[in-house]
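Here's the structure we're looking at; comments come further down.
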Protein chains: 2
Amino acid sequence: MNMERNPASGCVTSRREIRRQDRRDAILTVAARSFLEQGYAGTTMSGIAATLGGSKGTLWNYFGSKEELFAAVIDHVTIEYRAGLSEILAEPCDDLRLTLKRFCTGIMDKVTTPDAISLHRLVVAEAGRFPEMGRIFYDRAPLQTYVLLAEFLEGVMARGLIRAEEPMQAARLLVTLCVSGYQQKMLMGLIETATTPMIAAEVERATDLFMRAYALEDGTPS
Amino acid sequence: MNMERNPASGCVTSRREIRRQDRRDAILTVAARSFLEQGYAGTTMSGIAATLGGSKGTLWNYFGSKEELFAAVIDHVTIEYRAGLSEILAEPCDDLRLTLKRFCTGIMDKVTTPDAISLHRLVVAEAGRFPEMGRIFYDRAPLQTYVLLAEFLEGVMARGLIRAEEPMQAARLLVTLCVSGYQQKMLMGLIETATTPMIAAEVERATDLFMRAYALEDGTPS
DNA sequence: TCATAACCGTACCATAGAGTACGCTTTTTA
DNA sequence: TAAAAAGCGTACTCTATGGTACGGTTATGA
């Protein structure tokens, strides 16, 4: 009676399965918070069960071990992370330099978020024991960024606005120039946050350097 | 009788103190290996004592807690790390581009070492709980590198060979361009090692980009 | 030679945390 | 309305590990 056939996906979605999905999401949310804030070793299954309000048995009903839960969390959280990326490439405007600055600022805003830093730390910290986590994160976050920017740069190169050379590498290098400085300092705990003017200045430096390096060889102004 | 007065430092160096120093070093060496390879949580005091051969009591005689030992290890290991840096800035030759490439290659060789990667991971992983570790590492490793290169670049700028602008920032950006790509991949466990040709290609890309960006504005060839 | 500091081995304590067992209650389905 | 699935709470097991205690031994220094 309460069984619905979802016409779009064609799969059965009983009330039970919906609830189960909700519950799973709730667990993932709570677990994500804990892993991001306390790290892997600092997170306890008992603690998660406690803040969930349920019992430990239920937790193990969904995830067979701490490692399994951790994997699911990384998966879940990086998918969210990537979802935020698509919005970043603002509508390109006529001014190339300005468009790049907007793009870079968007990335910086995202990457210097406390959550982003925590996630980055977590992945790096556990990449030794769980190499798949590194792969998952890299493919969904940095790589996606490079690809997005590379596609844009390829168009710009084709229109002869900048030196036409390895768009993917160019994208990676530009992002690196923007992001590395403060990211490094935040990962190492030297600073807590990157303020808007700090970000603006760094983006300025990076895009200027990039534009000079990718200017056309003849005297044509870009 | 076996007490010597060291004329240089003016401090007493009894046989006992020498032994103590040796012992301390031995502990640090063993502990460093364990922390680098197993991480903080994966390292056990009992394990260290066991591979040392001695007893646990002795270990606590030297370091009052695991955290204290960890701090000492980071300190010790980053000092060694920095010591290796001074050798890197090869004697500058006439060709600026070549000198930069040598410098960058030296840095890359050092930074992609398994130990360097492990240390980097360790610092990033624990920077949340032990912020001082981040500071110690940053000041001794990346910052030193930037300073070293910045001094060199300042000279080059003064001689009018490249655009004269913020040598410290220039140094940081060049190092970042070289290092970030493979460092990121190694930290995340995507690749195990960076081969010589890989490094050479990356250094080529980075220095080319840098030289184009810092070329003088008039048509003078650098 | 004698006092002492360091060291060894071993046994021990206390705590924490992953994972299990089980009996009772609630929700869902048919 | 009855069977079944999921959940709850609580108590429990088992193992790992940081840290301590202690009695006997060796190296060191005066």
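Computed from heavy atoms alone, side chains included, the values below leave out hydrogens, waters and symmetry copies. Lettering follows sequence order; numbering is per chain, from 1.
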query = Restricting to pairs with a member in residues 170-201 of chain A, which pass ring-ring contact (aromatic ring centres under 6.0 Å, His included), not counting sequence neighbours?
reply = none

ask   = Does anything in residues 29-37 of chain B reach DNA chain C, meaning a heavy atom under 4.0 Å, and if so which residues?
value = none

B/S/- contact track for nucleotides 4-19 of chain C, protein heavy atom under 4.0 Å = B--SBB-------SBB

Partners passing ring pair (Phe, Tyr, Trp, His ring centres under 6.0 Å) against B:Tyr40 (at least two apart in sequence or in another chain) = B:Phe35, B:Phe70, B:Phe130

remark   = For residues 133-143 of chain A, the side-chain hydrogen bond (donor to acceptor under 3.5 Å, both in side chains) pairs (sequence neighbours left out) are A:Asp75-A:Arg140, A:Thr78-A:Arg140, A:Arg135-A:Asp139

key: By side chain to side chain contact (heavy atoms under 4.5 Å, CB included) - contacts of A:Gln21 (at least two apart)   = A:Arg24, A:Asp25

query = In chain order, what residues pass the side-chain hydrogen bond (donor to acceptor under 3.5 Å, both in side chains) check against A:Gln184, with sequence neighbours excluded?
reply = B:Tyr146

Output a table of donor-acceptor pairs, distance under 3.5 Å, between side-chain atoms of residues 49-58 of chain B and any protein atom two or more places apart or on a different chain; print 'none' if there are none.
from, atom 1, to, atom 2, distance (Å)
B:Thr51, OG1, B:Ile48, O, 3.2
B:Ser55, OG, B:Gly57, N, 3.2
B:Lys56, NZ, B:Ser46, OG, 3.3

Ring pair (Phe, Tyr, Trp, His ring centres under 6.0 Å) partners of A:His76, counting only residues at least two apart = none

